[in-house]
Amino acid sequence: MTRSVPSQPFSGQKPGTSGLRKKVKVFQQEGYAENFVQAVFDVVERAPGSTLVLGGDGRYHNRTVIQQAIRIAAANGYGKVLVGQGGILSTPAASNVIRKFGASGGLILSASHNPGGPDEDFGIKYNIANGGPAPEAVTEAIYARTQTIDRWLTVDTPDVDLDTPGSSQVGDLVVEVIDSVADYAELMESLFDFNAIRANVEAGFTMAFDAMSAVTGPYATEILERRLGFAEGTVRNGVPLEDFGGHHPDPNMVHAHELFETMFGADAPDFGAASDGDGDRNLIVGRNRFVTPSDSLAILAANAHLAPGYAAGLKGIARSMPTSAAADRVAEALGLRCFETPTGWKFFGNLLDAGMATICGEESAGTGSDHVREKDGLWAVLLWLNILAVRKISVDQLAREHWAKFGRNYYARHDYEALPTEKADVLMAELTESLAALPGKAFGSLEIAEADNFSYHDPVDGSTSSNQGVRVMFAGGSRVVFRLSGTGTEGATLRVYLERYEPVGGDLDRETPDMLADLIAAADEIAGITRHTGRTVPDVVT
Ligand code: G16
């Protein structure tokens, strides 16, 4: 059956870094989600009778859009839909299911770390057959299609039971409800030394994992408590809730502060970790030791060979541009190439597919490898557990040992949220115009060596992505980066990434805010943050 598009504007908003993200109320408008899903099906590559993977992070409105998508898939010639039980699939688990069952792609329903609930956020992203986020050419084509689409196709059938595993039929489409966790847990067992981790747990190693009432709960409970033997209660907030318990499921110092209090308190366990709304981000914190995502990438890359899945060594390392250069130093020591890509996991896809990189990471708490084509929160946790079990040292010791060998990249990100979009745009435009005049300028002991607006040339497909953020590089390896977020749903968010490099033999044991004070002052002067926005302090520091 064909439905025509209502006259009000619907999905004609450009998908950002991670698909389409809007308030639930926007998605609830008549025809809104349907038109976006139809636009996806109209443009993506798929043979007749293809398989589509479907699942989300369980947030409010998840089940509604799953039922809509099943009907639209049935009317658009898909042969099979694989849907996670209860509508649940973490982003990395969905990537795995797409790859494992040869699906032509998948719809992942999530607004990631953004809050959930009737007045909060919802999102839809499309992943292609390699299991990774749709590349820019595909998201641009989807966007273009949303501008001209005038109908969506659907079938008139009752809702599918999403809670009972097994197959049912919707028109000519087979809908298979699959165990959300089993395939993913099996993949993790194939990569990591579960026996070594279990032995370490038996010897007294303890941890706390905060699932933030989001999608990772069932995965973490199965893997950490049931398969690895961590005590019951190791996984906190382990039941996915539609509103994430009213919290912001972003695993950082601000939103996962309870975990921080545990890890910096008396009786802290040996290891602490958390994951976000859809399970692709991770937070790593040892007893009295926070590990920045940039350091985590570098430490994992330096030690990955200790896990069976990476015993043969790495093919290369990739990091997003604003991520610190800590990983570059590891790559150099290992004789590997290190790629610097724009923000967004999709930019790693070609490198992973081409076998040019094995491990990738982003400052925004994403780390992953070529085992799937998404960043993977629990994967990072398990690799840490594997390394600690083999090395038999604490997180703090491992971090200190790493800095002593490679030097330390002190790092912080300052976010200025919900800025009026015009003001943020003017700030970035003026900053970009001033770049040529910056080299040579000094701010206290800091002297600017180079400044540019980052462009990426994909070494695999030859494409160029320009305007990916302003980099201001200082002599000696320190740096400030400015870019506007691509994932916010309210106004604009300015992100300022601050990085100070201390070489081997330098000041390796200082507090990060002290070490970054000069850079913070320089950043404000260079970009005129206060002048343009009226803000004197960031909303969030991570
Ligand atoms: C998404 C992308 C990440 C990217 C992040 C950046 O994360 O998947 O690869 O690093 O956005 O966000 P922003 O543009 O706001 O800095 P997620 O976890 O939201 O899907």
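Along the sequence shown, residues are numbered consecutively beginning with 1. Every number for a ligand or one of its atoms is a count from 1 in the order of the listing.
Ligand-side atoms of ligand 1 in range of Trp345: 9 (O), range being under 4.0 angstrom from any heavy atom. Set against the non-hydrogen atoms of His113, the atoms of ligand 1 under 4.0 Å away are 18 (O), 19 (O). Under a 4.0 Å criterion applied to the non-hydrogen atoms of Ser112, ligand 1 contributes the atoms 17 (P), 18 (O), 19 (O), 20 (O). Residue Gly486 approaches ligand 1 through these ligand atoms, each under 4.0 Å from one of its heavy atoms: 13 (P), 14 (O), 15 (O). Residue-ligand proximity, Arg281 to ligand 1, at heavy-atom distances under 4.0 Å covers atoms 5 (C), 7 (O), 17 (P), 18 (O), 19 (O). Atoms of ligand 1 lying under 4.0 Å from at least one heavy atom of Arg483, given by number and element, are 13 (P), 14 (O), 16 (O). Which parts of ligand 1 touch Thr343 is read off a 4.0 Å heavy-atom cut-off, strictly below it: atoms 4 (C), 6 (C), 10 (O). Every atom of ligand 1 with a heavy atom of Ser364 under 4.0 Å away is listed here by number and element: 4 (C), 10 (O).
Some N or O of Ser485 is nearer than 3.5 Å to an N or O of ligand 1, by distance alone.
Relative to atom 19 (O) of ligand 1, the option among Glu363, Arg21, Glu362, Arg413 with the closest non-hydrogen atom is Arg21. Between the choices Thr91, Leu484, Thr487, the shortest heavy-atom distance to atom 15 (O) of ligand 1 belongs to Thr487.
In plain terms, the two heavy atoms of Ala302 and His402 that are nearest each other are CB-CE1, 4.0 Å.
The shortest distance between side-chain heavy atoms of Met321 and Thr341 does not fall below 4.5 Å. With a 4.5 Å cut-off on side-chain heavy atoms, His247 and His255 do not count as touching. The shortest side-chain heavy-atom distance between His414 and Ile520 falls under the 4.5 Å cut-off.
Among Phe192, Tyr184, Trp379, Tyr310, the single residue meeting the ring-ring contact (aromatic ring centres under 6.0 Å, His included) criterion with His371 is Trp379. Considering Glu362, Glu363, Glu499 in turn, Glu363 is the only one that fulfils the salt bridge (Lys or Arg N to Asp or Glu O under 4.0 Å) rule with Arg413.
Using a 4.0 Å heavy-atom cutoff, Lys375 is listed among the residues neighbouring ligand 1. Remark: distances from the non-hydrogen atoms of Gly344 to ligand 1 include one below 4.0 Å.
Residue-level proximity to ligand 1 for Lys346 is absent, since no heavy atom of it falls below 4.0 angstrom. Neither the backbone nor the side chain of Asp278 has any atom closer than 4.0 Å to an atom of ligand 1 (non-hydrogen atoms only).
Inspection of the Ser275 and Thr216 side chains reveals an N or O donor paired with an N or O acceptor under 3.5 Å.
Between Lys25 and Asp119 there is a salt bridge, since at least one side-chain N of the basic residue sits less than 4.0 Å from a carboxylate O of the acidic one.
Atom CD in Glu417 sits 8.5 Å away from atom OG in Ser485 (nearest 0.5 Å).
Within the cation-pi definition used here (under 6.0 Å to the ring centroid, within 45° of the axis), Arg500 does not qualify as a partner of Phe474.
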